[in-house]
Asker: 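The structure under discussion is supplied below as structure tokens; questions concerning it will follow.
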Amino acid sequence: MALWLMKSEPDAFSIDHLAQRPRQQAPWDGVRNYQARNYLRAMAVDDLAFFYHSSCPEPGIYGVVRIARLAYPDPSQFDPKSEYFDPKSDPAEPRWSMVDVALERRFERPIALEALKTVPQCSEMLILRRGNRLSITPVTAREWRALMSRVDE
DNA sequence: GCCAACGTTGGC
DNA sequence: GCCAACGTTGGC
């Protein structure tokens with residue numbers, strides 16, 4: 001089983017939005033970066049991912065989601081009215097993928113970015129790298145354990 | 001294929 | 001709002 005971190009601006013889509021969806025499940029659409037897309041396609045059902053809020057007053061990890069459906073074409077790429085519309089994507093060979101995620105756990109106390117930076121086992125995390133803009137990144141088992149043990153303290 | 005210009009991201 | 005970082009675009 002692989003572990004991930006998925007970033008979203010909470011104004012657009014937050015862990016609270018996910019919690020309000022039927023069955024607390026939703027498509028993770030709008031990824032328009034090739035490397036992030038490749039990570040989406042590498043995900044397996046039941047992989048777990050941290051849900052990270054960015055561009056907000058308190059950036060950080062707000063909970064955990066489970067991958068509920070394997071990557072499939074993101075319909076918004078073909079919708080001219082969508083902000084994610086991509087006129088260059090060929091319906092015969094869709095360029096952009098998405099997965100479905102289901103809420104696994106919402107942290108009572110989120111792990112703030114500020115706190116994340118102080119965890120020694122997490123010093124190599126991609127999210128902490130200056131200028132990193134990837135919205136989907138792999139997380140190691142060691143990083144995962146270190147963070148989950150903080151949550152459960 | 002190079003690379004400058006431009007747009008976007010995201011913490012602060 | 002600022003600014004650094006980085007991906008994408010497009011002229012050559």
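Below, read A as the first sequence line, B as the second, and so on, with proteins coming before strands; counting in each chain starts at 1. Everything quoted here is computed from the prediction, not taken from an experiment. Reckoned from all heavy atoms, side chains included, excluding hydrogens, waters and symmetry mates.
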Asker: Do the non-hydrogen side-chain atoms of A:Ser14 and A:Tyr62 ever get within less than 4.5 Å of each other?
Answerer: no
Asker: For the NZ atom of A:Lys117 and the SG atom of A:Cys122, what is their distance to the nearest 0.5 Å?
Answerer: 13.5 Å
Asker: For A:Arg129, does the CZ atom have more than 12 heavy-atom neighbours from other residues, nucleotides or ligands under 6.0 Å away?
Answerer: no
Asker: Which side-chain N or O atoms in residues 49-60 of chain A pair as donor and acceptor under 3.5 Å with protein atoms at least two apart or in another chain?
Answerer:
from, atom 1, to, atom 2, distance (Å)
A:His53, NE2, A:Ile15, N, 3.2

Asker: Would you grab the first and last nucleotide of DNA chain B (5' to 3') that comes under 4.0 Å of any non-hydrogen atom in chain A?
Answerer: B:dG7 to B:dC12
Asker: Going by number, which of residues 55-62 of chain A have a non-hydrogen atom under 4.0 Å from DNA chain B?
Answerer: A:Ser55, A:Pro59
Asker: Is any NZ, NE, NH1 or NH2 atom of the basic residue among A:Arg66 and A:Asp46 found under 4.0 Å from an Asp or Glu carboxylate oxygen of the other?
Answerer: yes
Asker: Quick one, which residues of residues 4-14 of chain A touch DNA chain B with a heavy atom under 4.0 Å?
Answerer: A:Lys7
Asker: Would you check if A:Leu18 and A:Val65 make a side-chain contact, meaning some heavy-atom pair closer than 4.5 Å?
Answerer: yes
Asker: Between A:Val99 and A:Arg41, is there a side-chain heavy-atom distance shorter than 4.5 Å?
Answerer: no
Asker: Please list, in numerical order, the residues of residues 111-127 of chain A that have a heavy atom closer than 4.0 Å to any atom of DNA chain B.
Answerer: A:Leu113, A:Lys117
Asker: For residues A:Asp29 and A:Tyr84, report the shortest heavy-atom separation together with the two atoms involved.
Answerer: OD1-CE1, 4.3 Å
Asker: If the condition is side chain to side chain contact (heavy atoms under 4.5 Å, CB included), which residues does A:Tyr72 pass it with, not counting sequence neighbours?
Answerer: A:Pro27, A:Arg69, A:Met98, A:Asp100
Asker: Can you tell me how far the CG atom of A:Leu128 sits from the CG atom of A:Leu116, to the nearest 0.5 Å?
Answerer: 4.5 Å
Asker: Looking at A:Asp74 and A:Arg95, does any basic side-chain N land under 4.0 Å from a carboxylate oxygen?
Answerer: no
Asker: For A:Arg37 and A:Ser97, does a side-chain donor sit closer than 3.5 Å to a side-chain acceptor?
Answerer: no
